[in-house]
Amino acid sequence: MNKTIESAFNEHLNAELFSAYLYLSMANYFAAENLEGMATWMRIQFDEERMHADKFIDFINDRDGRVILEQIDKPKSDWSSPLEAFQDALDHERLISQKINALVDLAVKESDHAANTFLQWFVTEQVEEEANVQPIVGKLKMIKDNSMGLLMLDEQLGQRSPNDTANGADPAA
Ligand code: FEO
């Protein structure tokens, strides 16, 4: 495996594991706030990020590369409001999108076509990842301090299932 790509993929693998850790932390913040629906939504996001990490692990191994696990940074554990938490999630997804785009640039520079093809799945996935969080941030801005609105959104987000997009539609349907 191209060593530059191997190193960059190992670095990105750590970013996906950090994403998982961040959303698990958010899930526990919401659980502590008695917002079980948002906690469920974040637990599913935690699983999605582990799946993303698995894809990088499988690719590196399939290419006869070497997966090296590094320390995962400690995520934030408290937020001042559900809006702040979901805004952090959106900002984080935008950062991950930038990292994926930088990996595509690197794969092109290194003429690693297999890596480039592999990364295209993530380019598409990141559009969905951002689109999943954006409307939740928008709704939380509308809700402001309205408890009834917050409970209704919590109820809606709790209906997310592993095969759904965040907005309730099954992408395979
Ligand atoms: Fe793995 Fe949410 O991007």
Side-chain angles (χ1 to χ4, degrees), residues 5-31 35 37-63 65 67-77 79 82-107 112 114-140 153 156-172:
I5 297 291
E6 180 187 62
S7 168
F9 273 28
N10 268 296
E11 196 178 314
H12 190 81
L13 165 61
N14 186 272
E16 295 289 349
L17 290 171
F18 175 78
S19 302
Y21 221 28
L22 176 65
Y23 296 136
L24 183 60
S25 188
M26 287 181 180
N28 284 292
Y29 157 72
F30 285 123
L35 292 164
M38 293 183 186
T40 296
W41 193 98
M42 283 294 173
R43 283 297 282 264
I44 292 171
Q45 198 62 29
F46 165 64
D47 290 339
E48 283 228 346
E49 299 302 346
R50 288 191 301 171
M51 180 266 284
H52 293 170
D54 278 345
K55 281 183 177 283
F56 275 91
I57 289 169
D58 289 345
F59 182 84
I60 294 167
N61 285 327
D62 286 349
R63 301 293 286 161
V67 172
I68 304 292
L69 297 178
E70 300 286 349
Q71 187 167 336
I72 304 167
D73 287 344
K74 181 180 177 184
K76 196 167 156 180
S77 54
W79 287 267
L83 173 58
E84 189 189 51
F86 273 98
Q87 183 65 58
D88 273 6
L90 180 56
D91 291 345
H92 184 69
E93 287 305 326
R94 287 173 173 158
L95 179 71
I96 295 293
S97 297
Q98 286 174 12
K99 287 179 182 293
I100 293 290
N101 289 339
L103 288 177
V104 172
D105 289 344
L106 187 65
D112 190 332
N116 190 2
T117 299
F118 166 79
L119 288 166
Q120 294 310 309
W121 184 89
F122 281 91
V123 171
T124 305
E125 175 72 0
Q126 280 311 119
V127 172
E128 187 184 302
E129 289 283 84
E130 290 184 32
N132 282 346
V133 189
Q134 266 165 359
I136 301 173
V137 169
K139 283 174 186 163
L140 284 167
L153 181 61
Q156 182 199 328
L157 295 182
Q159 289 167 18
R160 183 183 188 186
S161 75
N163 293 326
D164 288 347
T165 66
N167 297 311
D170 183 345

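For ligands, and for the atoms within them, numbers begin at 1 and follow the listed sequence. Residue numbers start at 1 and run along the sequence shown.
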Open item on the list: As a quick check of understanding, evaluate side-chain contact (heavy atoms from CB on, under 4.5 Å) for L13 and I57, giving each step before the final call.
Closed with: CA-CA 7 Å; L13 165 61; I57 289 169; 3.7 Å; yes
TODO: Answer whether the closest heavy-atom distance between the side chains of E48 and E125 falls below 4.5 Å.
DONE: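 Yes. Closest side-chain heavy atoms under 4.5 Å.
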Open item on the list: A quick test of your reading: do over 12 heavy atoms of other residues, nucleotides or ligands sit less than 6.0 Å from CD of E11?
Closed with: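 No.
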TODO: Give a yes or no on whether the ring-centroid distance for W41 and F86 is below 6.0 angstrom.
DONE: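 Yes, the ring of W41 comes within the 6.0 Å limit of the ring of F86, centre to centre.
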Open item on the list: Which of the protein's N, O or S atoms come within less than 2.8 Å of atom 1 (Fe) of ligand 1, not counting waters?
Closed with: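 Sorted hits: E16 OE1, E49 OE1, H52 ND1.
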Open item on the list: Please verify the inter-ring angle class for F118 with F9; under 30° counts as parallel, over 60° as perpendicular, anything in between as tilted.
Closed with: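 Plane angle between 30° and 60°, so tilted.
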- [ ] Please check if any side-chain donor atom of E6 sits under 3.5 Å from a side-chain acceptor atom of N10, or the reverse.
- [x]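 Distance-only check fails for E6 and N10.
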